[in-house]
Asker: 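Have a look at this one.
In the text below, chain A, chain B and the rest are named by the order of the sequence lines, each starting its count at 1. Nothing here was measured: the structure is a model prediction, and the numbers come from that model.
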Protein chains: 2
Amino acid sequence: MAKDGERRDPLNRARVLRAAVALADESGLEAISMRKLAQALGVVPMALYKHVANKDELLDGMVDAVVSEVEPPQEGLDWKAAVRRRTLSARAVMLRHPWARRIMEAQAAPTHVILAYTDSMIRTFLAGGLSADLVHHVMHALGSRIFGFTQELHETAPTAPSDLSPEQVQYMMATFPGIVAVATARPHDPTSVVGSGCDDQFEFEFGIDLMLDGVERLHRNDWRSADHDREAASVL
Amino acid sequence: MAKDGERRDPLNRARVLRAAVALADESGLEAISMRKLAQALGVVPMALYKHVANKDELLDGMVDAVVSEVEPPQEGLDWKAAVRRRTLSARAVMLRHPWARRIMEAQAAPTHVILAYTDSMIRTFLAGGLSADLVHHVMHALGSRIFGFTQELHETAPTAPSDLSPEQVQYMMATFPGIVAVATARPHDPTSVVGSGCDDQFEFEFGIDLMLDGVERLHRNDWRSADHDREAASVL
DNA sequence: ACCTGAACACCGTTCAAGT
DNA sequence: ACCTGAACACCGTTCAAGT
């Protein structure tokens, strides 16, 4: 417990945020309430408001702590490799703190830390010679993927096919033939699969590469905004 | 008010969901509570539990109602045009009900309606001749974009540059030079811009086209899973 | 001046009392 | 048997009372 030791240390913002991150890692985002966090710190709820204006600011601080774990930009890489590497680092961080995604999606305004990360990513593209115009669109297209987020709506497939009864499989095949065809198309490497039947790392890399390869092609073709329609057509 | 008229009609699931969608459209997702919804229907809160097991099921039902507004698949289009058109229709629907996104992101399991929509999209790809394997990865890569979602984390830029004081602009340029360079790169058509300084429709189409063009290229090259690394390399 | 406990205005949902 | 009001176990945050 070490209740006394905890209580003896004076509370400060860093300690509050560290405790909140640890609590969320351990018990999930729904365990984060001002009251429960205070209890974990051996403190009265109102004591938190000295170091954090309100719950929103607490959540922002937790996300900032997580984003700060992403590795800094590496020297000596071309823009594509640099973006790819940093994005994969961000993904590794988000896998450690899966609750961070929901906060970021729900929060209205970006924090300074989020802006700094975004700015750094933009400067990597610009340093690679991409036009500011192209980078603008690329940042919109990449969106939250630069933070290592997959775009999936639901973490896992409804259920692994092997967990279904024969009747359920029958029903699925009759009702959602497309989903069944695609889900059973590819027996993945079982060592790298957790349980959903998908190699999430492979899927993430497939997606980011699809985007970055497309961007590289546009850049090579000296893309400018007015060329958008023409480019799209000429690719055919 | 028409309080009496409202109360006379017997409550049913459809009426509950319709009222919930209308309330969310009007007042946002934070206005949706069992108590407030009951009040809007002129009913005691517990009366809702007859038609909806709990709040989660209510939220699922609201999303299902929204997804059902997306236009059905059109005949006579090639796979790419079909996916593009349906995705843009979904985007138009989500613009009418912007709260639906947050529910979908937060909900754990997909509903039958969501699965049916996904299945339909998959069958469009398969009918176009894409391998089940490729479609698998493409669905992961597209993710929530098939529901018309942009991947942006924050709805708008922090503030339109024109709203900033000279001191604030100075600060932004010194701190986030990349963001400033990219944000000011392209004076968009002012008629199609709401206030963020971005043409959201253009950015959405840029993103979906970047993905679909990439998919088409992979398909043309007769993509199979084992080819992934080779394909990525040969593009260079 | 500072700290903090009680209180306020909400939640979703249970459950038993009333019809 | 059905309906529903009160109650329960939570919230985030305000505020005044106590030191």
Asker: Could I get the full list of side chain to side chain donor-acceptor pair (under 3.5 Å) partners for B/Asp25, not counting sequence neighbours?
Answerer: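 Result, side chain to side chain donor-acceptor pair (under 3.5 Å) vs B/Asp25: B/His97, B/Trp99.
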Asker: Classify the nucleic acid contact of A/Met46 as base, sugar-phosphate or nothing, counting any heavy atom under 4.0 Å across all strands shown.
Answerer: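 Base contact - A/Met46 has a heavy atom under 4.0 Å of at least one base atom.
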Asker: With P as the reference atom in both, quote the distance from D/dG18 to C/dC8 in angstrom, rounded to an integer.
Answerer: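 Result for the P pair: 16 Å, nearest Å.
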Asker: Could you list the donor-acceptor pairs under 3.5 angstrom formed by side chains in residues 27-36 of chain A, with sequence neighbours left out?
Answerer:
from    : atom 1 : to      : atom 2 : distance (Å)
A/Ser33 : OG     : A/Lys36 : N      : 3.0

Asker: Test of understanding: with side chain to side chain donor-acceptor pair (under 3.5 Å), list the residues that count as partners of B/Arg86, not counting sequence neighbours.
Answerer: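 Residues passing side chain to side chain donor-acceptor pair (under 3.5 Å) with B/Arg86: B/Ser120.
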Asker: Side chain to side chain donor-acceptor pair (under 3.5 Å) with B/Gln168: which residues, sequence neighbours excluded?
Answerer: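 For B/Gln168 the side chain to side chain donor-acceptor pair (under 3.5 Å) partners, ignoring immediate neighbours, are B/Ser165.
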Asker: Once you round to the nearest 0.5 Å, how far does CZ of B/Arg84 lie from CD1 of B/Ile208?
Answerer: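 Here the rounded value is 8.5 Å.
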Asker: Could you tell me how far D/dA7 sits from C/dT19 if I compare only their P atoms? Round to whole Å.
Answerer: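 Nearest-Å result for C/dT19 against D/dA7 at atom P: 16 Å.
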Asker: Using a 3.5 Å limit on both pairing distances, list the dot-bracket string of DNA chain D from the 5' end; Watson-Crick and G-U wobble pairs count, crossing pairs take [ ], interstrand pairs take |.
Answerer: ||.|||||...|||||.||
Asker: Of A/Arg35 and A/Lys50, whose nearest nucleotide on DNA chain C comes first from the 5' end?
Answerer: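 So the residue in question is A/Lys50.
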Asker: For residues 51-60 of chain A, which residue pairs pass the salt bridge (charged side-chain N to carboxylate O under 4.0 Å, His left out) check, not counting sequence neighbours?
Answerer: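 For residues 51-60 of chain A, and leaving out neighbouring residues, the salt bridge (charged side-chain N to carboxylate O under 4.0 Å, His left out) pairs sorted by first residue read A/Arg13-A/Glu57.
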Asker: For a 4.0 angstrom threshold against heavy atoms of chain B, report the outermost contacting nucleotides of DNA chain D in 5' to 3' order.
Answerer: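 Endpoints of the contacted stretch of DNA chain D: D/dC3 to D/dA7.
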Asker: Quick one: list whatever passes side chain to side chain donor-acceptor pair (under 3.5 Å) with B/Arg96, sequence neighbours left out.
Answerer: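 Per chain and number, B/Arg96 pairs via side chain to side chain donor-acceptor pair (under 3.5 Å) with B/Glu69.
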Asker: Could you list the donor-acceptor pairs under 3.5 angstrom formed by side chains in residues 108-119 of chain B, with sequence neighbours left out?
Answerer:
from     : atom 1 : to       : atom 2 : distance (Å)
B/Thr111 : OG1    : B/Asp64  : OD1    : 2.6
B/Thr111 : OG1    : B/Val113 : N      : 3.4
B/Thr111 : OG1    : B/Ile114 : N      : 3.2
B/Tyr117 : OH     : B/Ile146 : O      : 2.7
B/Thr118 : OG1    : B/Ile114 : O      : 2.8
B/Asp119 : OD1    : A/Gly178 : N      : 2.6
B/Asp119 : OD1    : A/Ile179 : N      : 2.9
B/Asp119 : OD2    : B/Arg123 : NE     : 2.8
B/Asp119 : OD2    : B/Arg123 : NH2    : 2.9

